[in-house]
Amino acid sequence: MTKPHALLTCLVTLSVTSYAFLSQPHAASAREASPPAHTLTIQQAVDRAYTRYKAVSDGANASYIPYLAKADTKLYGIAVVTTDGKIFKAGDADYLFPVESIAKVFTLAHVLKAQGTDVIQKKIGVNATGLPFNSALAVELNNDKLTGSPPPGNPLVNAGAIATASLVEGHSPEAKWESVLSTASAFAGRQLALNKDVYTSEMADNQHNLAIAILLQSYNYLYADPTETIDLYTRECSYNVSAQDLAVMGATLASGGTNPVTHKKVTDATTSARVLAIMATAGLYNTSGEWLYNVGLPAKSGVGGGIVAVVPGKMAIAVYSSALDTAGNSVRGQLAIQSVAHDLKVSIFQINTN
């Protein structure tokens, strides 16, 4: 064989091999998945997402909370609830897990409805911080007027959520807790319960959040006793939900405040709209912009492994899978919701040209 012919054969072989390698499906990116050839039903979209990402093992549990560190990474459930009360699910959609930061959404809704939109904007702030969810530096930067927010920053990061908890009304800590839990239960359409093991685990190692509360108090942006507020905030993050619960809770926001399963009015349309706006800008911590760019839905994640995304006027999509990325968002949860959203074409930015 001549040298030019051998070189040509080598290049062709290399090109074919490279094409074959690059054409393999990539489990870690929903953006690379081929769209379906026809319009899918909701259940088909749910089943497709469940099957597509069932084998994904990327990410790690939240190791700094002992209870969460022990979660079974094989558990994986998807649920969709529409605003007319229809439920679609796959996998471990009924498995109970700690709500964690997703609770911030429903405590925010409670305070917004009770005290009005101006209170949140003036006493907490609504801008994304661009920093990790538990950042104390963000509080300092806000206080020094280096951003456009008051020191707490945003109701969906820890500092803002702690300040929000301090605004919950009640003549005692127990009365405040009852307000928080009853609101969340109304959103879920069933009585939710505190996971005492999670609460105890987090309270035993809660110095950082207490420090944030005291820092806020020093700037006059905490509105109740720091110790009592941190206890309430920790309880708020420690009640159990399932993916189906989260989908019902999200669908309540999607319907303007009426629970689509119980048909009870939980909040109002104005409150729902404000909550969804904040979810869109800060719901997935410091990767919220990437999420909105790629998926186009307001959403909220929690380090317990849950994510709920809301399609206003239509539905909510929720997923449970405990393994997280470095920002604290469920790896498989993000992929599955993006898959369902893309298959159903439900981005809030989707332009219908038909």
Side-chain angles (χ1 to χ4, degrees), residues 28-30 58-65 68-69 71 97-108 120 124-142 147-165 202 206 208-209 211-212 216 233-234 236-238 241 246 249-250 275-310 317-338 341:
S29 177
D58 297 344
N61 290 353
S63 59
Y64 56 91
I65 300 174
L68 300 181
F97 60 92
V99 66
E100 295 297 339
S101 283
I102 304 173
K104 297 170 181 175
V105 169
F106 306 104
T107 302
L108 168 62
I120 296 299
I124 297 172
V126 295
N127 288 326
T129 68
L131 292 170
F133 63 89
N134 60 349
S135 174
L137 176 60
V139 177
E140 297 279 17
L141 294 175
N142 291 336
T147 75
S149 294
N154 186 290
L156 300 187
V157 298
N158 286 16
I162 290 166
T164 303
E202 295 196 23
N206 224 359
H208 188 83
N209 282 333
I212 289 175
L216 290 173
Y233 171 72
T234 306
E236 166 191 315
C237 293
S238 301
V241 292
L246 288 180
M249 296 165 93
V275 170
L276 291 174
I278 296 172
M279 288 171 66
T281 56
L284 269 76
Y285 307 124
N286 48 321
T287 60
S288 298
E290 294 175 20
W291 171 266
L292 197 62
Y293 181 82
N294 292 319
V295 184
L297 293 177
K300 183 70 189 87
S301 66
V303 296
I307 301 184
V308 58
V310 178
I317 311 162
V319 177
Y320 170 67
S321 178
S322 64
L324 313 175
D325 63 16
T326 55
N329 305 311
S330 170
V331 172
R332 206 156 39 177
Q334 293 176 82
L335 293 170
I337 290 178
Q338 183 166 319

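Here the structure is a predicted model, which means the values were calculated and not measured.
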Practice item. Could you walk me through whether Tyr233 and Lys104 pass the side-chain contact (heavy atoms from CB on, under 4.5 Å) test, one step at a time? Key: CA-CA 9 Å; Tyr233 171 72; Lys104 297 170 181 175; 3.4 Å; yes
Exercise for review: Check whether any side-chain heavy atom of Thr281 sits under 4.5 Å from a side-chain heavy atom of Val126, and report yes or no.
Suggested key: no
Review point. Does the pair Met279 and Val105 meet the rule for a side-chain contact (heavy atoms from CB on, under 4.5 Å), with working shown?
Key: CA-CA 8 Å; Met279 288 171 66; Val105 169; 3.9 Å; yes
Exercise for review: Measure the spacing between OG of Ser301 and CG of Leu246 and express it to the nearest 0.5 Å.
Suggested key: 11.0 Å
**Study point:** Gln334 vs Ile307 side-chain heavy atoms within contact, under 4.5 Å
**Key:** yes
Practice item. Identify, with sequence neighbours excluded, every residue that meets ring pair (Phe, Tyr, Trp, His ring centres under 6.0 Å) alongside Phe97. Key: Tyr320
Exercise for review: Flag the pair Asn209 / Thr234 as yes when at least one side-chain heavy-atom distance between them is below 4.5 Å, and no otherwise.
Suggested key: no
Practice item. State, with a plain yes or no, whether a side-chain heavy atom of Asn158 is found less than 4.5 Å away from one of His208. Key: no
Check your understanding: CD1/Ile162 to CD1/Ile212 distance, rounded to the nearest 0.5 angstrom?
Key -> 5.0 Å
Study note, to complete from the structure: Taken to the nearest 0.5 Å, the spacing of Asn286 CG from Asn329 CG works out to 8.0 Å
**Study point:** Exercise: identify the closest heavy-atom pair between Leu216 and Val139
**Key:** CD2-CG1, 3.8 Å
Revision key, fill the gap. For Ser321 and Gly333 the tightest heavy-atom approach is CB-N, 4.4 Å
Check your understanding: Are Leu297 and Ile317 side-chain neighbours, meaning at least one heavy-atom pair lies under 4.5 Å?
Key -> yes
Exercise for review: Answer whether the closest heavy-atom distance between the side chains of Met249 and Val308 falls below 4.5 Å.
Suggested key: no
Review point. CD1/Ile65 to CD/Glu202 distance, rounded to the nearest 0.5 angstrom?
Key: 4.0 Å
Exercise for review: Looking only at non-hydrogen atoms, find the nearest pair between Ala128 and Asn154 and report the distance.
Suggested key: N-ND2, 4.0 Å
**Study point:** Ser330 versus Gly305, closest heavy-atom pair with distance
**Key:** CB-O, 3.5 Å
Practice item. Kindly compute the distance separating CH2 (Trp291) from CD (Gln338), expressed to the nearest 0.5 Å. Key: 6.5 Å
Study note, to complete from the structure: Sorted by chain and number, sequence neighbours left out, side chain to side chain contact (heavy atoms under 4.5 Å, CB included) with Ala280 holds for Leu292, Pro298
**Study point:** Ser101 side chain near Val303 side chain, heavy-atom distance below 4.5 Å
**Key:** no
Point to revise | Euclidean distance, Leu108 CG relative to Ile124 CD1, rounded to 0.5 Å | key: 7.5 Å
Review point. So, the side chain of Asp325 versus the backbone of Val331: is there a donor-acceptor pair under 3.5 Å, distance only?
Key: no
Point to revise | Val99 side chain near Phe106 side chain, heavy-atom distance below 4.5 Å | key: no
Study note, to complete from the structure: For Glu100 and Gly304 the tightest heavy-atom approach is CG-N, 3.4 Å
Exercise for review: Determine the minimum heavy-atom distance between Gly125 and Pro155, stating which atoms define it.
Suggested key: O-CD, 3.1 Å
